[in-house]
Amino acid sequence: MMKKRSNGYGKMSESSTVAASSTSREEAVEWEMRPGGMLVQKRSDIKDVSAPNIRLRVVYGALRHEISVNSQATFGELKKLLTGETGLQPGEQRVIFRGKERENGEYLDMCGVKDRSKVILMEDPSSIERRFIETRRNAKIQSAHRAISDVSLEVDKLAEQVSTIEKSISNGVKVAEVQITTLTEMLMRQAIKLDMISAEGDASAQKNLQACRETRFLSSQLVAQPQTCLLHAILI
């Protein structure tokens, strides 16, 4: 226990005041455990602006990058810098140093990273799987777009024939039954093709628009014509 000493005038001695101040500062110090078990004073969130930048050699598959980063940065901050170099978002990255994956909150210098140190960058496996699924989905959508466009082009050609028949009927010209039957079968094939296309996303919307376009075309021009009722029924 510290004994207080006073001088002849009843004042506390200077040594007691210094000791109390020193004790107060020690109580304010926070400590943290470094990798390897070393207990050190906890680093402030405010970085030392005088800390030098270091150059890191980053290995990403067959690619090699060299990047400049503050020596007191965290691995999480390093990942943000690597996004610009690799296109990988921080959450998609795994950074390996000295054979160990490093957490975002770990500091480079505390883990022994120095100038010209080498780190290995890997893409997170779950990210690879998500990208594969997304690529396959996009390819499927693009394939559906092409198939729907092909149907649309064929229907455009048939629409010209339907329009010709409609004009002939309006002018009182009798159209051969075989001509209508043949055109009906051709329209039916395109309707079946359209129905069999597996579409999602905006391709599904394109498919629905194509079906509505065909229906509106026949409804507006042919529904009242007895000879073309079958054509109308196919595309409804």
Side-chain angles (χ1 to χ4, degrees), residues 58-65 79-95 101 104 120-170 175-236:
V58 182
V59 178
Y60 177 38
L63 302 177
R64 300 292 185 272
H65 301 279
K79 288 180 179 181
K80 292 179 181 179
L81 293 176
L82 290 173
T83 296
E85 296 288 334
T86 65
L88 293 179
Q89 295 302 313
E92 300 173 335
Q93 300 177 30
R94 295 177 61 186
V95 176
E101 181 178 358
N104 290 339
I120 299 174
L121 174 64
M122 300 175 62
E123 185 175 0
D124 186 77
S126 60
S127 173
I128 297 175
E129 183 179 359
R130 286 195 301 270
R131 182 175 286 105
F132 172 76
I133 293 174
E134 184 66 19
T135 299
R136 187 171 61 180
R137 178 176 180 272
N138 289 337
K140 183 178 180 181
I141 291 175
Q142 292 302 318
S143 177
H145 275 303
R146 289 192 294 270
I148 295 170
S149 295
D150 290 343
V151 170
S152 179
L153 289 174
E154 291 300 320
V155 171
D156 287 342
K157 296 175 183 178
L158 296 175
E160 295 178 3
Q161 298 182 42
V162 172
S163 179
T164 300
I165 291 176
E166 190 272 342
K167 290 179 181 179
S168 297
I169 294 175
S170 297
V175 179
E177 189 69 28
V178 65
Q179 186 175 352
I180 294 179
T181 301
T182 300
L183 185 56
T184 299
E185 291 177 352
M186 296 173 70
L187 286 168
M188 181 179 294
R189 292 194 192 102
Q190 298 307 317
I192 293 173
K193 283 183 180 180
L194 185 64
D195 186 62
M196 292 180 64
I197 296 173
S198 177
E200 56 181 294
D202 56 351
S204 179
Q206 182 188 8
K207 177 180 176 179
N208 292 335
L209 287 174
Q210 173 62 24
C212 291
R213 186 181 73 89
E214 296 171 4
T215 300
R216 285 197 304 270
F217 174 79
L218 290 175
S219 296
S220 62
Q221 300 188 52
L222 304 176
V223 66
Q225 304 300 328
Q227 285 185 294
T228 57
C229 284
L230 182 57
L231 292 178
H232 170 69
I234 289 173
L235 296 181
I236 289 297

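These values consider heavy atoms only, across backbone and side chains, with no hydrogens, waters or symmetry-generated copies.
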What I'd like to find out is whether the side chain of Arg64 reaches to under 4.5 Å of the side chain of Val58, using heavy atoms alone. no
Rounded to the nearest 0.5 Å, the CZ atom of Arg94 sits from the NZ atom of Lys79 at a distance of 9.0 Å
Could you tell me whether the side chain of Ile120 reaches within less than 4.5 Å of the side chain of Tyr60, counting heavy atoms only? no
When rounded to the nearest 0.5 angstrom, what distance separates NZ in Lys140 from OG1 in Thr135? 14.5 Å
From the list Asp150, Val155, Asp156, side-chain contact (heavy atoms from CB on, under 4.5 Å) with Ser152 holds only for Asp156
Can you give each donor-acceptor pair under 3.5 Å made by side-chain atoms of residues 191-205, sequence neighbours left out, with the distance rounded to 0.1 Å?
unit_1 : atom_1 : unit_2 : atom_2 : d
Glu200 : OE1    : Arg137 : NE     : 3.1
Asp202 : OD1    : His145 : NE2    : 3.3

Thr86 side chain to Leu82 backbone, donor-acceptor under 3.5 Å: yes
Scan the side chains in residues 122-130 for donor-acceptor partners under 3.5 Å anywhere in the protein, sequence neighbours excluded, and list what turns up.
unit_1 : atom_1 : unit_2 : atom_2 : d
Glu123 : OE1    : Arg131 : NH1    : 3.4
Glu123 : OE2    : Ser127 : OG     : 3.1
Glu123 : OE2    : Arg131 : NH1    : 2.0
Asp124 : OD2    : Ser126 : N      : 3.1
Asp124 : OD2    : Ser126 : OG     : 2.1

Backbone N or O of Gln89 within a donor-acceptor pair of the Glu92 side chain at under 3.5 Å? yes
Side chain proximity check, Leu121 to Gln93, heavy atoms < 4.5 angstrom: yes
